[in-house]
Structures are given as C-alpha cells and as structure tokens.
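Scroll down for the structure; my scribbles are underneath it.
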Amino acid sequence: MEAAAAEPGNLAGVRHIILVLSGKGGVGKSTISTELALALRHAGKKVGILDVDLCGPSIPRMLGAQGRAVHQCDRGWAPVFLDREQSISLMSVGFLLEKPDEAVVWRGPKKNALIKQFVSDVAWGELDFLVVDTPPGTSDEHMATVEALRPYQPLGALVVTTPQAVSIGDVRRELTFCRKTGLRVMGIVENMSGFTCPHCAECISVFSRGGGEELARLAGVPFLGSVPLDPELTRSLEEGHDFIQEFPGSPAFAALSSIAQKILDATPMCLP
Amino acid sequence: MEEVPHDCPGADSAQAGRGASCQGCPNQRLCASGAGATPDPAIEEIKEKMKTVKHKILVLSGKGGVGKSTFSAHLAHGLAEDENTQIALLDIDICGPSIPKIMGLEGEQYMEDNLGVMSVGFLLSSPDDAVIWRGPKKNGMIKQFLRDVDWGEVDYLIVDTPPGTSDEHLSVIQYLAAAHIDGAVIITTPQEVSLQDVRKEINFCQKVKLPIIGVVENMSGFICPKCKKESQIFPPTTGGAELMCKDLEVPLLGRVPLDPLIGKNCDKGQSFLIDAPDSPATLAYRSIIQKIQEFCNLRQSEEENLISS
C-alpha cells in the first residue's frame, strides 16, 4: 500500500544510524556498541541503542537495565530510557522475555518478523545516533536488519574483530556481506588487543596480535583503533556501570574515546 | 514473504493452519493441508547413516567467542591421539566456519588417518566468500552433511555449533533425533555476560531433552608468562560457572585457563596439547576429555544393559 511508504515512521527523527557487526562471536560487538553509545552521549549527543541479538541480548545488563518493562505508546513501543535527561535509550528483545533464562528458540522467519517490528515500531523520537548491535554471522538477523534500515540510509557499519586469525577469517566474510548488501564500512575496530599484566606491567598478546590493522589495510577500509583487554571495562559492563564516566584513566578509555571521536568526525553535520 | 505470525503454533502442530493467528499467514494453506506434519524422510536416512557412529557429542554455547571451536578441535585432537579411535569433527557453523583454520586444513579434507573433518569452509573457494544464507538453506546444508557425508566407522562424532539457539541447533537435534545424541558439552567464560546466555542454552537443552554432559569454563584466569602470577581478565562477578552449575544442577567438567599459546596454535592450525604439554590449560583439557569419555562409555554400557535385559 502506498500509504505506508509515504509515512515517515518512527525512524524519521533519527539522524544517523550505525550498525555494529562482526562475522565472529564474542569479539565485543555489544561492548563496543555500549561504549560507543556512552561516549557519544558524553559528547552531548542523544543516542539510542537497538539490540537485535535475539538469542543472546547482552545490552540490557551492560547498561544496568535488566528487568525493565517495555510499554506501548500510540506510535508503538516506547524505548527504555536509561537516564532522567532521556539522552540514552535502548530497545532489546531482552526486555520482552518473561524469564531471563528462557531461551529464544526461533527459526529465521520468526526472527525476521520481530526485527522488522523492532526497526519500525519503536518510538525513538529525536535521536542524533542510533547504534544497532547485531549477533555474530551473516544470516537472517543481518539481512532483515539491513533491509529494514535501508530506506533510512544508515551511515554505515563498524566492524569489530579480535587480533587472531580465527576472527579475521570470519570478519573478512562480514566485509563481503557489507559489500554485497551495499553497506558502507566506516571502519574496523580491533578489540582485546593485548593485556597489561597488573603485577609486572608486561604487555601480553593474549589473542595473538596485529590482525585487525592488517585486515583493514588489505580490505582498504579505515582502521579505527585497537582496544586493549581491560578488566575494569569488563567489570563495568558486568555491573551495568558507565565506564566512560568512571574510568577515564583506564587503558581502554583512550582507545574508545578516540574511536567515538573518529565516528563524530566522519558524520556529516547537516541533514541530507 | 517470510512473515510469520507472532503466535505461530508451529508448522507441525495440530493447530497448523487452523489457529486464529494463522489468518493472513502466507503459509496458512500449506500448513492446513498437513504438509508440515509428515516427518522429514532424511531423519530415517540419517539414523541409518549414524549406525556406524558410536558416540555423538554436540559442543554448544549460548554465547559467541567462548571457545567452542577451540574446544571441539582439541577434543578431537585429544581423542585422536589414540590411533585405534576414529574421530569425526563436523562444523555446522555455516556463517563463521572456524574449524578448517583451527585444524590447519584450509584447502584439505583430512589430516591424520583417524581424524576426519567436515565444514562448509571447505566448500568455499575464497577466504572472503560470505555465506549469506537464511535459515532454511542452512538447515539444508546441515541435512546434507549428516546424510550425504560418508562418515564410515566412527567412535566419536563431535559437532561444533555456532552461538545461539536457532536454526542450526534445532536442525542438528531434529536430524539426529532418531540416531541418539550422547549429550552436549556447554562452553562458557566466567563472566555474567556469558553465563546469562549459557543459562538459556541449558534451558534449551532441557526443552529439547538433550542430555548435558557438563559445562566447561574457558578463559578461567590468566597466568602471566613473564611473572607467572595469576590475574582475572574475565572476572567471575556472579560466581562463574561453578555457581551456575550448582544452581542448575549440571556438572562442571573443568576450568581451562587462558594461555596465549592456545590462540597462537589455533592460528597456525596445530594441536595446543602437543605444542604445550605442560601448560595448566593442557592438563585441564585432558581431564575434561577423560570425563567426557567416561560419560559416553557409561551411557553405552547402560544402553547395552537395557537391550540385554
């Protein structure tokens, strides 16, 4: 029906959409999504996070929002606001689960249907940035998300990897996915990039080294930075605290702030 | 076109095509005709194929990046050290097939005489090829792997899975339903962010009645190669796997510490167990592998007793 195409919809007030992807699981997509959102918010932006990982929704916990209820409003679902100023909001399937330990055992078509709803039926209001966190892979969720967001012209994708060859192997495929679906790659972030032993200050490459930067070079995409392993960051996420605010002296802080700044620099100032 | 109603009763339920929520669903006519209710003939075919496979183990986790493929590969390596044991390793992570790299097999299909490996990774012509498939196509590939690969006489078939609780997991359990899976080994790291997904995976196993052999806590502590002191890179802020296993009454098979040599060996496609035989991680792996063998042997003798009684 033509009427649906003419309606601006719930994403009309969202200025910039960034997807956070990786072919590989467990590299820190949700961590980077969360920290990027927090950093953008600290830079004075209004940010929303959309968590489309239906099987493993991690973001509510990372922001201390587990167990929050989701309400319907006249325009659809109201996102969960994380602060009184309403400068940071979140929607995740995690909020819809009656029991947090209950598995979402859905096949592709049902996941696609929910993602479409998530994209179109959340009343985000006015946002500077919408950060979309995805599960690992190049399958239903990714295709559904890219298709649903396509009319709103996402800024692009941030692709996360760890330094190891095993991660790079999967992330190369993700870059192909981006190319095939016409999604611009804003850059690669290498996470878990070394660990500084708290006892002797030796820096150890726990998960090998160098892969992210090398991949960016080979693929001809920007390398946005390396984030080291930082138990303070891990603990902050576990406990749902604002790492950007609490640990400005931490090794990961500098890297994350620099990545957020690069995103801001790459963002067009005026609306298209 | 792929819209499925929220309260879809399921294609194989008695209400398929007939329920209130079926109205307007594009598949309504198909379901109402009873097409979804007939069992897939592949299930019987796979049962026949699996008669020569003694033990089948699934390696699962709700969470990505906890070390499923690393563990699957080293379970295979460890078991294959006995030349008289035939091991098969099947990688059903269609989008992110890590096993060929970890086993040092990019471009080949076999390595040792008694260790066979299958993965969609072998079917891709370039390392940049992406497998951008929806659920049904992934399911078809898994069916082919189980039904059309000539596994031969195998003592242990280890199935490495992608993270999550979706198509691949449902399919492998559905297709192996008649062939009996010994059980699942579930991998986690100590963090709550992993445990919260792993609890869902345990819930999933219970829902589909898949026996759980036990949980392995990976990346459990880090010993600095320089000063030899331990630190927690991924702190167990909510009690780690130990407390979760106690709460859910599931065995904890062991804890594997982080050793930078593990990552290096996986990148090179070698067995970490051979490269670092004295590492605490190797000792942990070996103890866990032994417990898995004991579980499988116990299950086998229980079945034999049941048959003979």
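Chain letters run A, B, ... following the sequence lines, proteins first and then strands; every chain starts at 1.
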> Given a strict heavy-atom distance threshold of 4.5 Å, which part of A/Pro57 is in contact with chain B: side chain, backbone, both, or neither?
Replying inline: both
>> Is A/Glu202 in contact with chain B via its backbone, its side chain, both, or neither, using a 4.5 Å heavy-atom distance?
In response: side chain
> Does the side chain of B/Ser166 pick up a donor-acceptor pair with the side chain of A/Lys111 at under 3.5 Å?
Replying inline: yes
>> Any non-hydrogen side-chain atom of B/Lys101 less than 4.5 Å from a side-chain atom of A/Gln164?
In response: no
>> With side-chain contact (heavy atoms from CB on, under 4.5 Å) as the criterion, how do A/Thr176 and B/Asp129 come out once you've worked through the C-alpha distance, each side chain's angles and the decisive distance to 0.1 Å?
In response: CA-CA 7 Å; A/Thr176 303; B/Asp129 281 351; 6.0 Å; no
> If every non-hydrogen atom of A/Asp170 is compared with every non-hydrogen atom of B/Pro97, which pair is closest and at what distance?
Replying inline: OD1-N, 4.0 Å
> Does the side chain of A/Arg173 reach to within under 4.5 Å of the side chain of B/Leu124, using non-hydrogen atoms?
Replying inline: yes
> Using non-hydrogen atoms only, which part of B/Lys68 is less than 4.5 Å away from chain A: side chain, backbone, both, or neither?
Replying inline: neither
> With only heavy atoms counted, which part of B/Glu230 is less than 4.5 Å from chain A, the side chain, the backbone, both or neither?
Replying inline: backbone
> Using non-hydrogen atoms only, which part of A/Glu239 is less than 4.5 Å away from chain B: side chain, backbone, both, or neither?
Replying inline: side chain
>> So for B/Val66, is it side chain, backbone, both, or neither that comes closer than 4.5 Å to the heavy atoms of chain A?
In response: neither
> Where does B/Ser126 contact chain A at under 4.5 Å (heavy atoms): side chain, backbone, both or neither?
Replying inline: backbone
> Is the closest side-chain heavy-atom distance between A/Cys197 and B/Cys227 below 4.5 Å?
Replying inline: yes
> Between B/Met244 and chain A, which part of the residue has a heavy atom less than 4.5 Å away: side chain, backbone, both or neither?
Replying inline: neither
> Taking side chain as C-beta onward, heavy atoms only, is A/Phe207 less than 4.5 Å from B/Leu258?
Replying inline: yes
>> Within the structure provided, determine whether B/Leu170 and A/Val105 are in side-chain contact (heavy-atom separation under 4.5 Å).
In response: yes
>> Checking A/Val206 against B/Met219 for the side-chain contact (heavy atoms from CB on, under 4.5 Å) test, could you report, in this order, the C-alpha distance in whole Å, the side-chain angles of both residues, the deciding distance, and whether it holds?
In response: CA-CA 10 Å; A/Val206 182; B/Met219 308 197 201; over 6 Å; no
> Which bit of B/Pro127 is near chain A, if near means a heavy-atom gap under 4.5 Å: side chain, backbone, both or neither?
Replying inline: both
>> Please rank A/Leu229, A/Ile204, A/Asp53 by heavy-atom pairs under 4.5 Å with chain B and give me the top one.
In response: A/Ile204
>> For B/Lys63, which atoms come within 4.5 Å of any heavy atom of chain A: side chain, backbone, both, or neither?
In response: side chain
> Which bit of B/Asp93 is near chain A, if near means a heavy-atom gap under 4.5 Å: side chain, backbone, both or neither?
Replying inline: neither
>> Are A/Lys180 and B/Ile132 packed together at the side-chain level, in the sense that at least one heavy-atom pair is separated by less than 4.5 angstrom?
In response: yes
>> Side chains of A/Ser208 and B/Asp267: any donor to acceptor distance under 3.5 Å?
In response: yes
>> Is there a side-chain contact between A/Arg107 and B/Ser171 in this structure, where contact means two heavy atoms from C-beta onward sitting under 4.5 Å apart?
In response: yes
> Taking the side chain from B/Asn203 and the backbone from A/Ala103, do they hold a donor-acceptor pair closer than 3.5 Å?
Replying inline: yes
> With a 4.5 Å limit on heavy-atom distance, are the side chains of B/Gln232 and A/Pro231 in contact?
Replying inline: no
>> Less than 4.5 Å to any heavy atom of chain A: does that hold for the side chain of B/Pro162, its backbone, both, or neither?
In response: neither
> Do other residues, nucleotides or ligands put more than 12 heavy atoms under 6.0 Å from the CD atom of B/Glu249?
Replying inline: no
> Relative to chain B, which segment of A/Ser58 carries a heavy atom at a distance below 4.5 Å: side chain, backbone, both, or neither?
Replying inline: both
> Is chain A contacted by the side chain of B/Lys137, its backbone, both, or neither, given a heavy-atom distance below 4.5 Å?
Replying inline: neither
>> Is B/Gln191 close to chain A through its backbone or its side chain, or both, or neither, when contacts mean heavy atoms under 4.5 Å?
In response: both
